[in-house]
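Written below as structure tokens is the structure these notes are about.
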2 protein chains.
Amino acid sequence: MFSKACEYAIRATLLVASHSLMDERVSVKDIAEATASPVAFTAKIMQQLNRCGILYSVQGKQGGFEMTKEQMQATKLSQIVTLIDGDRVFTGCGLGLRECNALKPCPLHERFSSVRGELKAMLDETTVLDLALGLKDGLTFLRT
Amino acid sequence: MFSKACEYAIRATLLVASHSLMDERVSVKDIAEATASPVAFTAKIMQQLNRCGILYSVQGKQGGFEMTKEQMQATKLSQIVTLIDGDRVFTGCGLGLRECNALKPCPLHERFSSVRGELKAMLDETTVLDLALGLKDGLTFLRT
DNA sequence: CAGAAAAAGGATAATTTTGTCCTATTTAAA
DNA sequence: TTTAAATAGGACAAAATTATCCTTTTTCTG
């Protein structure tokens with residue numbers, strides 16, 4: 001469904017958010033540990049998330065990553081997915097056709113569009129804050 | 001969503017089915033052409049589809065691939081997906097966690113399970129025959 | 001100021017997925 | 001019976017994704 005990179009990106013963002021709710025800053029090392037992700041790969045992803053303003057970084061000793069509550073509210077999961085994986089999962093044809101639309105549909109077009117629409121709606125409606133709350137309260141988890 | 005191999009597999013199967021509805025046998029070359037897929041790669045996929053009985057092949061000159069109407073009716077899209085991509089798309093965690101369930105859910109678990117369930121239901125309810133009919137009638141397409 | 005901890009970023013490696021090539025085997029038709 | 005067209009299948013190549021390593025820069029703390 002999503003690429004590994006995208007899974008790591010969402011897990012990392014949610015971890016940073018849940019810690020920011022408790023006014024804690026987290027390092028890449030901590031993020032990787034808490035989300036069971038490869039450290040260096042996660043570091044690259046954090047740079048992307050920082051560059052596009054989903055969260056922000058503080059360099060130097062005692063540095064790390066943080067999010068404001070505004071960022072958590074403003075960031076929908078669909079944005080993270082689009083940033084890392086592009087919009088193929090939201091707009092692409094289920095059978096991989098370049099051009100597939102109501103005028104020239106693939107055999108699966110109608111049924112697939114419907115499901116894809118629900119996926120997009122769900123990710124559009126879900127903010128980072130929505131998910132970070134349950135994580136902070138220990139109701140949900142980011143690793144086994 | 002699905003791998004390239006899986007997209008090719010579904011496209012190829014539907015093409016074979018639509019031709020079989022007209023009592024025509026199709027070669028790998030024709031399938032690749034009609035579905036805009038790489039020939040040799042498609043050939044490998046056809047072997048898989050043949051081995052597991054989704055369709056059948058006839059070797060030698062004038063050979064190719066065919067499906068019986070029974071095969072078309074019996075084969076649900078979910079079977080092809082599972083054959084090529086495994087069941088990760090149907091059962092896997094949206095955030096890639098190994099163990100993610102109601103007891104120890106990831107932050108996205110509930111919302112994601114719902115969408116994934118709709119996808120599975122759609123692919124379970126859709127047979128190859130369902131889709132091959134529109135294709136035979138020129139209502140849907142497998143390439144631009 | 002010196003040292004250490006942390007992000008930034010470039011280069012490279014490993015793995016997986018996708019794609020190609022070539023030979024062997026099968027079978028219909030001339 | 002020979003030839004050609006087709007699938008079967010093994011080996012290999014290319015590309016994309018995932019992952020690691022190393023150096024530089026930043027900044028806090030002693």
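Here is how names work: the chains are called A, B, and so on, in the same order as the sequence lines, proteins then strands, and each is numbered from 1.
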>> Whole angstroms only, please: what is the CD1-P distance between A:Ile45 and C:dA8?
In response: 13 Å
> How long is the line joining NZ of B:Lys61 and C1' of D:dT1, in whole Å?
Replying inline: 14 Å
> Which residue, A:Thr42 or A:Val58, contacts DNA chain D at a nucleotide closer to its 5' end, judged by nearest heavy atom?
Replying inline: A:Thr42
>> Nearest whole Å is fine: how far is C:dT12 P from A:Phe41 CZ?
In response: 19 Å
> For B:Met46 and D:dA6, what is the distance between atoms CE and C1' respectively, to the nearest whole Å?
Replying inline: 13 Å
> For B:Lys44 and D:dA6, what is the distance between atoms NZ and P respectively, to the nearest whole Å?
Replying inline: 19 Å
> Taking only residues two or more places apart in sequence, or in another chain, which ones meet B:Tyr56 in a ring-ring contact (aromatic ring centres under 6.0 Å, His included)?
Replying inline: none
> Between B:Asp87 and B:Thr82, does any side-chain donor sit less than 3.5 Å from a side-chain acceptor?
Replying inline: no
> Looking only at side-chain N and O atoms, does B:Tyr8 come under 4.0 Å of OP1 or OP2 in C:dG19?
Replying inline: yes
> Considering the options B:Leu15, B:Val16, B:Asp30, which one meets the side chain to side chain contact (heavy atoms under 4.5 Å, CB included) requirement together with B:Thr35?
Replying inline: B:Leu15
> Rounded to the Å, how far apart are A:Phe65 CZ and C:dA5 P?
Replying inline: 18 Å
> How long is the line joining CD of B:Gln48 and P of D:dA8, in whole Å?
Replying inline: 12 Å
> Whole Å only: how far is the CD atom of A:Gln59 from the C1' atom of C:dA6?
Replying inline: 8 Å
> Under a 4.5 Å side-chain heavy-atom rule over Ile, Leu, Val, Met, Phe, Trp and Tyr, are A:Leu97 and B:Ile10 clustered together?
Replying inline: no
>> Under 4.0 Å from OP1 or OP2 of D:dG9: is there any side-chain N or O of B:Arg51 that close?
In response: yes
> Given A:His19, which of A:Glu24, A:Arg25, A:Lys136 fulfils the side chain to side chain donor-acceptor pair (under 3.5 Å) condition?
Replying inline: A:Glu24
> So which one's nearest nucleotide on DNA chain C is more toward 5', A:Ser27 or B:Gly60?
Replying inline: A:Ser27
> Just checking A:Gly63: base, sugar-phosphate only, or nothing, at a heavy-atom cut-off of under 4.0 Å?
Replying inline: sugar-phosphate
>> Measuring to OP1 and OP2 of D:dT7, would you say a side-chain N or O of B:Asn50 lies under 4.0 angstrom away?
In response: no
> Do any side-chain nitrogens or oxygens of B:Ser57 fall under 4.0 Å of OP1 or OP2 in D:dA8?
Replying inline: yes
> Are any of B:Gln47's side-chain N or O atoms less than 4.0 Å away from OP1 or OP2 of D:dG9?
Replying inline: yes
